[in-house]
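Worksheet for the structure shown next.
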Amino acid sequence: MSILAAYAVPHPPLILPAIGVGKESEIAETIRAYRAVMQTAAAFRPDTVVVVSPHATSYGDYFHISPGAGAEGNFRAFGHPEITVAIAYDEDFVRTLSACAGARGIAAGTLGEKNGALDHGTMVPLVFLSEYLGDAPTKFVRIGISGLPAAAHAALGQCIAETAKRFGRRTLCIASGDLSHRLKKDAPNGFTPEGAEFDGLCRAFMGAGDFLSLLQIPGDFAERAGHCGLNGLWVLAGVLDRTAMEARLHSYEGPFGVGYAVASFTVTGADENHNFTERLAAAEDAAIAQLRAAEDDYVRIARTSIETYVRSHSYAVLPDNLPPELTETQAGVFVSVKKYGKLRGCIGTFAPRQGNIAEEILYNAVSAAAHDGRFDPVAEDELGRLVYTVDVLTPPEPISSAAELDPKIYGVIVKSMTDNRLGLLLPDLPGIDTAERQIEVARGKASILPKEKVSLSRFKVVRHR
Ligand SMILES: [Zn+2]
């Protein structure tokens, strides 16, 4: 016996009547569903319940598992210190889970706890569950999410399932999380139409037990929708990998502009077709292969330059048959490297430093991968997931004000009048919608204070991807 079932539940503290003081009646469906699934969960008489919470200690590149014999928490932050939750941790499970993660090369463990007290993401589900567990000797494991990609969350989920199997413990996994926080004008994080779109996808995929599609929701889209629950669902994808399950979406509501979904996934056996993690990797491989097959000479030089440098610490040799536009022209070039949609390095020159564009790309690519101070140097095992962009710049032209900018078309160079500090921002970047914002970010890159006098230049780019 190992994983018996998994659950996805929300964690609004106002769902508790003492905190909601009547407001909770607006999510009566959620409460009804919450009670129903937690009653079923308790009926499994679980030995171990693993809770994944986005509000436990979390790191960008590491999964934190709570250490020690147990922990307590209360709702003081929500005005109710008298509502407390106390749990015992399953220390054997934690130890074996950490070892399993280590063996698979997943960065996870009990180091670096920021706050030992239980978070509301962990406590809200446990308030409901404890009502039905009574004084059963159930132990818990608490895990924080990370900034790592979907595949890493799913791999951690596979370790949870493996650990549960090794101990033969009756194990449940709860992914605590809310969906979009941007469903309405007065929502906590403001409105975006992508909020409802995101929630619609999550509801459909949860109801169908389609964890492959949940793993493939683009991270930047989910971020714009303002969720806190998707990473937990990614962990469930690994927990439920290769299982046959009965998936059910019990309820969905969002009267306060935040999406609350209650779903259960009851394991009924094994199903080799539910190899979510393997299929995710295959889909990612295929997407990268398609990109590589379509890349032009500019991007190919950047990629081979980085791959050669990372593997052998030497510069690649440029091919002989390059077109004259690359070998007989000079220009400033920026090379950007992304991984899973997130920037992984970006370095460039706004005026040419090398003999031609091909060499400019060759050298700037190495700088982007190995010398961008914001990131660790690219490692060899990352190469298969990297996506490259090469921007070739037109010579910058001085402008007198922001009115001559358009962040979709022009990049900007901001130069301090006092000491020539210089900040540059490329055009057409996500989240940079106004000239003012563009200048502000460019100033920030060069640590130029808002009141310092600056001169402005603009440039265009030809973007190769
Ligand atoms: Zn949350």
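Whatever order the structure lists ligands and atoms in, that order sets their numbers, starting from 1. As the structure is a prediction and not an experimental result, all values here were calculated from the model.
A donor-acceptor contact closer than 3.5 angstrom is absent between the side chains of N364 and S367. Looking at T268 and E246, their side chains never bring a donor and an acceptor atom within 3.5 Å of each other.
Here H55 meets the criterion, with an N, O or S atom under 2.8 Å of the Zn ion (ligand 1). Among the atoms of H120, none of the N, O or S atoms falls under 2.8 Å from the Zn ion (ligand 1).
Around the NZ atom of K185, the shell of radius 6.0 Å holds no more than 12 heavy atoms that belong to other residues, nucleotides or ligands.
Between SG of C228 and NE2 of H11, the angle at the Zn ion (ligand 1) works out to 100°, rounded to 10 degrees.
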Salt bridge (Lys or Arg N to Asp or Glu O under 4.0 Å), that's the test. Do D92 and K139 meet it? Break it down for me. CA-CA 10 Å; D92 296 336; K139 290 191 171 182; over 6 Å; no

